Q: 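This is the structure I want to talk about, given as structure tokens.
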Amino acid sequence: MADFALTPNCAMAKAKPLYVCTECGGQSPKWQGQCPHCGTWNTLVETIAAPAPARFASVAGTRSSITPLASVTPRASARVATGLEEFDRVLGGGLVPGGVILLGGDPGIGKSTLLLQAGAALGAAHRTLYVTGEESAEQIALRAQRLALVNAPIELLAEVQLEGIVAAINAASPEIVVIDSIQTVYTEALASAPGSVAQVRECAAQLTRLAKQRGIVVIFVGHVTKEGAIAGPRVLEHIVDTVLYFEGDPHSSFRLVRAIKNRFGAANELGVFAMTERGLKGVSNPSALFLSQHAEGVAGSAVVATLEGSRPLLVEVQALVDPVQGAMARRLAVGLDPQRLALLLAVLHRHGGVETAGFDVFVNAVGGVRIAEPAADLAVTLAVYSSLKNKPLPKKALIFGEIGLAGEVRPVQRGQERIREAAKLGFETFVIPSLNKPKQSLENVDIVAVSRIEEAIDWLRD
Ligand code: TYD
Ligand code: MG
């Protein structure tokens, strides 16, 4: 124990604790509830006090000089395919050497499973180190057994101390490192507990530096808080090159991996998996997954073609409009933006002449998908109207279009692709913005082009 106290890191932490404001960067020698510099509350975070120039040295080299852009040769790094096609798709084609990835998601969604599967596939050609802080090596082995990957060429390290992890990476020189999870890693140089903002930030920054220096891929697993943000500092999202979110309804087997940020590829790209008995399986044609199977047309159900990354996805939007049960009318949106719902109800009232004030309104995107696009506006509005009037939409109808505050139906990007995808799946009626109307008429397809919300309501009413 005495030896332990004499290590330089510990001595440093004891000698000079320092607190830095995450808002203004102001420093304070002791923790305070309010930053003495900018006056914001609860923003002081412990950091390493000793000036450590190496930590902040530029990644570009020792001394940079001014260079004309034209004279710099772009370096297209070769991508390393992970062997999981859907995972490669969200990554923009595979892993990039020196790239740092953050994979966030709710507990139990399948982050460890995905990375173990990817690691096992990568391990054959690229030395892969799986650092586990959440589970013991035996637990990982148990999962591997379930995935039929017991003999996978992957190396395990059960370690949570940053210095230990860095030493292991330097000694073993892996090409790919998985840190499961970044919240369990801590450095001796800070006194705060593992998982605290200071620890997560510092450990992530040091591992990122190491990745850039050595040209290795580092994948952090990050937990998501109840509010849905990655626990720990938002700054983590700035440090890394790629931020992926694992989402999906825990009660359904479908899992979506979404790229929120990607320095090496398109953001908003989506990978679709199904969680099976034997791990995650990629779903290469996900369009029809989020449609429920109704034998007859059902009131309150509308299908929208939303664009997820590079491919359209058909999703059923359901609405239930019921007379108010409590003192106040309730509006609830699952998988859709609740603010947007309030806005659409107001437009429906003002421009469509449809009153929902005396009703509870619930809307839901089927299958645990989250639709952020305004292209779902028209489908949501028609689903609400359909439920209110108990009038089903025609079977095989597809709807998309953005609704403006003036009641206009605005075009959406890449409308033709959405129409084509739905036509492929046997959709016959398309309620779409006039400006998205295809130039050539399509066979066996009925196009209802609308430019105002009233027209769409009239179409359903008749
Ligand atoms: P896990 O990868 O441990 O989640 P995370 O790391 O995101 O917390 O996934 C755990 C869940 O996945 C658990 O509920 C069991 C389920 N699962 C399967 O259904 N099939 C499988 O083959 C495996 C390994 C897990
Ligand atoms: Mg896990």
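Quick note: residue numbers are just sequence positions, from 1. Since the model is a prediction, treat every value here as computed from it, not as a measurement.
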Q: To check you understand the geometry: which heavy-atom pair defines the closest contact between Ile176 and His126, and what is its length?
A: CD1-CB, 3.7 Å
Q: Side chain of Ser387, backbone of Val384: donor and acceptor closer than 3.5 Å?
A: no
Q: May I have the step-by-step check of side chain to side chain contact (heavy atoms under 4.5 Å, CB included) for Leu95 and Ile101, ending in yes or no?
A: CA-CA 9 Å; Leu95 301 167; Ile101 298 160; 3.3 Å; yes
Q: Side chains of Glu134 and Ser181: do they bring a donor and an acceptor to under 3.5 Å?
A: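 Yes, a side-chain donor-acceptor pair sits under 3.5 Å.
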Q: Tell me yes or no: between the side chains of Gln32 and Ser28, is some donor less than 3.5 Å from an acceptor?
A: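 Yes, side-chain donor-acceptor contact under 3.5 Å.
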Q: Is any side-chain heavy atom of Thr356 less than 4.5 Å from a side-chain heavy atom of Arg331?
A: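 Of all side-chain heavy-atom pairs linking Arg331 with Thr356, at least one is under 4.5 Å.
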Q: Once side-chain hydrogen bond (donor to acceptor under 3.5 Å, both in side chains) is applied, do any residues pair with His37, and if so which ones, sequence neighbours excluded?
A: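 In terms of side-chain hydrogen bond (donor to acceptor under 3.5 Å, both in side chains), with neighbours along the sequence ignored, His37 is linked to no residue.
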Q: Hey, could you give me the CG/CG distance between Asp377 and Leu343, rounded to the nearest 0.5 Å?
A: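 It comes to 7.5 Å.
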Q: Between the side chains of Asn262 and Thr242, does any donor sit under 3.5 Å from an acceptor?
A: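 On atom types as modelled, these side chains qualify, holding a pair under 3.5 Å.
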Q: Write out all pairs satisfying salt bridge (Lys or Arg N to Asp or Glu O under 4.0 Å) with one or both partners inside residues 81-103, taking only residues at least two apart or from two chains.
A: Glu86-Arg89, Glu86-Arg311
Q: Would you confirm whether Gln139, through its side chain, and Ser136, through its main-chain N or O, come within 3.5 Å as a donor-acceptor pair?
A: yes
Q: Just do the salt bridge (Lys or Arg N to Asp or Glu O under 4.0 Å) check on Arg418 and Glu373 with the steps written out, would you?
A: CA-CA 13 Å; Arg418 300 178 204 238; Glu373 267 201 310; 2.9 Å; yes
Q: Quick one: CG on Leu102 to CD1 on Ile179, what's the gap to the nearest 0.5 Å?
A: 12.0 Å
Q: Under the side chain to side chain contact (heavy atoms under 4.5 Å, CB included) rule, what do Val80 and Val217 come out as? Steps first, then yes or no, please.
A: CA-CA 10 Å; Val80 178; Val217 177; 5.9 Å; no
Q: Side-chain contact, heavy-atom cut-off 4.5 Å: Phe400 with Val409?
A: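 They are not in side-chain contact.
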Q: With rounding to the nearest 0.5 Å, note down the distance linking CG in Leu116 to CZ in Arg146.
A: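 One gets 12.0 Å once the value is rounded to the nearest 0.5 Å.
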Q: Verify the distance criterion only: is there a donor paired with an acceptor across the side chains of Ser301 and Glu316 at less than 3.5 Å?
A: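 Per modelled atom types, Ser301 and Glu316 side chains form a pair under 3.5 Å.
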Q: Could you walk me through whether Val317 and Val366 pass the side chain to side chain contact (heavy atoms under 4.5 Å, CB included) test, one step at a time?
A: CA-CA 6 Å; Val317 173; Val366 170; over 6 Å; no
Q: Of all the heavy-atom pairs spanning Leu157 and Ala168, show the shortest one and how long it is.
A: CD2-CB, 3.6 Å
Q: Might you work through the side chain to side chain contact (heavy atoms under 4.5 Å, CB included) test for Tyr19 and Gln27, ending with a clear yes or no?
A: CA-CA 6 Å; Tyr19 295 84; Gln27 300 183 344; over 6 Å; no
Q: Can you find a heavy atom in the side chain of Val100 that is under 4.5 Å from one in the side chain of Ile239?
A: no
Q: Counting only heavy atoms not in Arg350, do more than 12 fall under 6.0 Å of its CZ?
A: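 No.
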Q: With a 6.0 Å cut-off (strictly less than), is the heavy-atom count around CZ of Arg414, excluding the residue itself, greater than 12?
A: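 Yes, the 6.0 Å shell around CZ holds more than 12 heavy atoms from other groups.
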Q: Any heavy-atom pair between the side chains of Leu344 and Ile403 that's under 4.5 Å?
A: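 Ile403 reaches Leu344 side chain to side chain.
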Q: Does the side chain of Val272 reach to within under 4.5 Å of the side chain of Leu270, using non-hydrogen atoms?
A: yes
Q: Is there a side-chain contact between Arg340 and Pro374, using heavy atoms and a 4.5 Å cut-off?
A: yes
Q: In plain terms, say whether Asp180 and Lys111 are close enough for a salt bridge, that is, a side-chain N and a carboxylate O under 4.0 Å apart.
A: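 No, this pair does not count.
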Q: Consider side chain to side chain contact (heavy atoms under 4.5 Å, CB included). Of Leu280, Leu244, Val221, which one does Leu114 pass it with?
A: Leu280
Q: Are a donor atom and an acceptor atom from the side chains of Glu159 and Gln161 found within less than 3.5 Å of each other?
A: no
Q: Do the side chain of Thr208 and the main chain of Ala204 share a donor and acceptor less than 3.5 angstrom apart?
A: yes
Q: Working to the nearest 0.5 angstrom, can you tell me the gap between Arg330 CZ and Asp322 CG?
A: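 CG of Asp322 is found 12.0 Å from CZ of Arg330.
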Q: Would you say the side chains of Thr128 and Glu175 form a donor-acceptor pair under 3.5 Å?
A: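 Glu175 and Thr128 do not have a side-chain donor-acceptor pair below 3.5 Å.
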Q: Is there a donor-acceptor contact under 3.5 Å linking the side chains of Arg127 and Ser173?
A: no
Q: Can you tell whether the side chains of Lys212 and Asp241 come within less than 4.0 Å, N to carboxylate O?
A: yes
Q: Regarding Arg258 and Glu247, does a basic nitrogen lie under 4.0 Å from an acidic carboxylate oxygen?
A: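 Salt bridge flag = yes for Glu247 with Arg258.
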Q: Given side chains that start at C-beta, do those of Asp106 and Phe246 come closer than 4.5 Å, heavy atoms only?
A: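 Sidechains of Phe246 and Asp106: no contact.
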Q: Answer whether the closest heavy-atom distance between the side chains of Ser112 and Arg143 falls below 4.5 Å.
A: yes
Q: Return the set of residues passing side chain to side chain contact (heavy atoms under 4.5 Å, CB included) with Val166 (not counting sequence neighbours), or none when no residue passes.
A: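 Val166 satisfies side chain to side chain contact (heavy atoms under 4.5 Å, CB included) with Leu162, Asn170, Leu207, Leu210 once adjacent residues are dropped.
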